[in-house]
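Bear in mind the structure is a predicted one, so any value in this text is a computation, not a measurement. Just so you know, residue 1 is the first one in the sequence shown, and it goes up from there.
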Amino acid sequence: MFWCTAKAVCIEFELGGGQMDKFYHSVRLDAALCKGCINCIKRCPTQAIRVRNGKAQINSKFCIDCGECIRICPHHAKIATYDKMEVLKQYEYTVALPAPSLYSQFNNLEDVNIVLNALKLMGFSDVFEVSGAAEVVSDATRLYIAAHDDNLPLISTACPSVVRLIRVRFPNLIPHLLPLNPPIEVAACMAAEKAMNETGLPREKIGIVFISPCPSKVTYVKSPLGTDKSQVDHVLAIKDVYPQLLAYMKAVGDNAEDISTSGKIGISWGRSGGEASGLFSENYLAADGIENVIRVLEDLEDQKFANLEFVELNACNGGCVGGVLTVENPYVAEVKLKRLRKYMPVARSHMKKADEEYVPWTTDVQFEPVFRLGDTMMESFSRLERVERLCKKLPGLDCGSCGAPTCKALAEDIVRGEASERDCIYYLRESLHNLSQEISGLTEDLADGEKDGTGTLNLLKDYIKRISGEMTSLDNKAGD
């Protein structure tokens, strides 16, 4: 259900909806590789992609950097942007922040210290586990829920794509967002503080580098939510680090120093349901996969759930282990995490007084009405009425041949001035059919001598010209 209703229009203008800020995007299109197929437009959860003139186009206002288009594109035309290992040379001291999902990429891993020591051999000065910070966030979440039981359920803010989705599409749910920094940010703050204390170096000479399973974390670092500036300096992709790390893990062998700071709770954050299980409560809901997430959010907005304390949502299937920057199958990776955590302690990190300043949000998340149809409420209602009229006129097949994912999306594009009815292939065919019927009637009149021959001939020429134009448009649609 594309978010454009009378209810949405009212909410939008009640909340004010000023100028939308400029979102950073880590998901990009390589137009040279794009073949103009419609796989991406059918799977994009926010209908941010259109195919025009044989090439896909990403609407930056609608995109939430979930990476679903990267996953589905058969031509690899959608790409994620992130940093390369060379960024380590920019700093005197570097700290790696491995995501919990990194551990799930390796076969027969029984000790995370092997990975952590290998990262140091790889060139990092130190390692700080995001899973350790996740345990601190779990502590803070339990305390926050206990103190704010009047605003339940609270929605996890660990997945940047989900937070951005709520920000642009579900304004009623913004007050239910858990106002705590995600583990990546807490880990970065704690790692930077630790590095400065141990080395005496100023912050600008220390590089905090996150090893990420997905592009949305890149977006978060460049354009964070809940804080003015992220303490993460660079983001590497797990798929880039993985092949290099294998060799260093072999070099570590059985001589791994015990430097891990996380237990079962922290490691579990890498898979769906792992964050919620750390709350020691049965009154939670966990969903993964962006389509399932949207379904849950719609039901939450309609108040279909009762007695829930916490809702954990992950844009990727299987949770973070399903990110497009990983190498392992997400369901195999989930099994590996379960096996790895089997003999680990419940938790090794707990929130201390010194950590409390790193956890809460310092800025609020505001609604961004990117889907609105007009600049005023009356204009939006007027355009919404036109959209509904167009939807009745269009075939309602949602075939995607027009380059938009649904007939309703095409109608909205038409109202915004970004498309025309002639973009619909079925509209073109109907137009050609009507023209052919009119020509048939004219030729019959001409044969019966009921019309002036010269005038009819001119009309026929005009119709033939119009048919030629419609056929050209139809051929272009077929070519797209």
Shortest non-hydrogen separation from S262 to G132 and the atoms involved: CB-N, 3.6 Å
Is there side-chain contact between F305 and D299, with heavy atoms separated by less than 4.5 Å? yes
Any side-chain to backbone donor/acceptor pair from N59 onto A48? Under 3.5 Å, distance only. no
Should L236 and Y82 count as side-chain neighbours, where that means a heavy-atom distance under 4.5 Å? no
Of all heavy-atom pairs linking K42 and P405, the shortest is NZ-O, 2.8 Å
I need the I155 CD1 to L178 CG distance, nearest 0.5 Å. 10.0 Å
For S138 and W269, run side-chain hydrogen bond (donor to acceptor under 3.5 Å, both in side chains): C-alpha distance rounded to whole Å, both residues' side-chain angles, the deciding distance at 0.1 Å, then the answer. CA-CA 10 Å; S138 292; W269 275 65; 3.1 Å; yes
Hey, is the main chain of A31 close enough, under 3.5 Å, to the side chain of K55 for a donor-acceptor pair? yes
Given the rule in the salt bridge (Lys or Arg N to Asp or Glu O under 4.0 Å) test, do R383 and E388 qualify, once you have shown the distances and angles that lead to the verdict? CA-CA 9 Å; R383 290 187 172 187; E388 292 174 350; over 6 Å; no
side-chain hydrogen bond (donor to acceptor under 3.5 Å, both in side chains), that's the test. Do S230 and E185 meet it? Break it down for me. CA-CA 7 Å; S230 175; E185 188 62 34; 2.7 Å; yes
What are the two closest non-hydrogen atoms of T81 and R28, and how far apart are they? CG2-CG, 3.6 Å
Are the side chain of E418 and the backbone of I414 linked by a donor-acceptor contact shorter than 3.5 Å? no
Polar side-chain atom of T406 near backbone of A409 as donor-acceptor pair, under 3.5 Å: yes
Has D398 got a side-chain atom pairing as donor or acceptor with C407's backbone, closer than 3.5 angstrom? yes
Can a donor-acceptor pair be found, under 3.5 Å and without considering hydrogens, that links the side chain of S223 to the backbone of Y220? no
Given side chains that start at C-beta, do those of H176 and N151 come closer than 4.5 Å, heavy atoms only? yes
For the backbone of A80 and the side chain of S26, can you confirm whether one donor and one acceptor N or O come within less than 3.5 Å of each other? no
Distance from Y24 atom OH to C63 atom SG, nearest 0.5 Å? 11.5 Å
Evaluation steps, side-chain contact (heavy atoms from CB on, under 4.5 Å), between V168 and F62: CA-CA 8 Å; V168 300; F62 298 171; over 6 Å; no
Do side-chain atoms of E135 reach the backbone of S349 as a donor and acceptor pair under 3.5 angstrom? yes
Atom pair CD1 (I184) and CD1 (I208), whose distance is rounded to the nearest 0.5 Å: 11.0 Å
Could you point out which residue of V415, L394, L390 forms a side-chain contact (heavy atoms from CB on, under 4.5 Å) with L410? L394
Assess the residue pair E275 and Y284 against the criterion (side-chain hydrogen bond (donor to acceptor under 3.5 Å, both in side chains)); give the C-alpha distance rounded to whole Å, side-chain angles, the decisive distance to 0.1 Å, and a yes or no. CA-CA 10 Å; E275 175 185 359; Y284 71 86; over 6 Å; no
I'd like to know if the side chain of R142 reaches the main chain of L279, judged simply by a donor and an acceptor atom lying under 3.5 Å from each other, with no hydrogens or angles considered. no
State, with a plain yes or no, whether a side-chain heavy atom of V311 is found less than 4.5 Å away from one of L300. yes
Is any side-chain heavy atom of E328 closer than 4.5 Å to one of N107? yes
Would you find more than 12 non-hydrogen atoms of other residues, nucleotides or ligands less than 6.0 Å from E379 atom CD? yes
Of all heavy-atom pairs linking D139 and M351, the shortest is OD2-N, 3.1 Å
Applying side-chain contact (heavy atoms from CB on, under 4.5 Å), run through C37 and H75 and close with a yes or a no. CA-CA 9 Å; C37 71; H75 309 293; 4.0 Å; yes
Atom CG of D149 with >12 non-hydrogen neighbours under 6.0 angstrom: yes
Derivation and outcome, side-chain hydrogen bond (donor to acceptor under 3.5 Å, both in side chains), residues S268 and R341: CA-CA 8 Å; S268 296; R341 67 190 288 276; 2.7 Å; yes
One thing to verify: whether E68 and K78 come together as a salt bridge, which I'm taking to mean a side-chain N less than 4.0 angstrom from a carboxylate O. no
Supply the atom-to-atom distance I49 CD1 to I38 CD1, rounded to the nearest 0.5 angstrom. 12.0 Å
Closer than 4.0 angstrom, basic N to acidic O: yes or no for R43 and E291? yes
When you compare the side chain of L225 with that of P160, does any pair of heavy atoms fall below 4.5 Å? no
Show, in sequence, the C-alpha distance, side-chain angles and deciding distance for D240 and M85, and conclude whether the side-chain contact (heavy atoms from CB on, under 4.5 Å) test is met. CA-CA 9 Å; D240 281 2; M85 282 293 295; over 6 Å; no
Check step by step if ring pair (Phe, Tyr, Trp, His ring centres under 6.0 Å) holds for Y242 and F106. CA-CA 9 Å; Y242 172 82; F106 305 100; 5.2 Å; yes
For D233 and F210: C-alpha separation, side-chain torsions, deciding distance, then whether side-chain contact (heavy atoms from CB on, under 4.5 Å) applies. CA-CA 8 Å; D233 297 305; F210 178 62; over 6 Å; no
Can you tell me if H25 uses its side chain to pair, donor with acceptor, with the backbone of T219 under 3.5 Å? no
Looking only at heavy atoms, what is the nearest atom pair of R271 and L337, with distance? N-CD1, 4.1 Å
Identify whether the distance between the nearest side-chain nitrogen and carboxylate oxygen of E412 and R372 falls below 4.0 Å. no
Rounded to the nearest 0.5 Å, what's the gap from OH on Y358 to CG on N181? Could you check? 12.0 Å
C316 side chain reached by D288 side chain, heavy atoms, under 4.5 Å: no
Considering non-hydrogen atoms only, spot the tightest contact between A158 and P183 and give its length. CB-CD, 4.4 Å
Regarding K222 and D65, does a basic nitrogen lie under 4.0 Å from an acidic carboxylate oxygen? no
Hey, are the side chains of P360 and Y144 touching, using non-hydrogen atoms and a 4.5 Å cut-off? no
d(T362 OG1, D228 CG) to nearest 0.5 Å is 5.0 Å
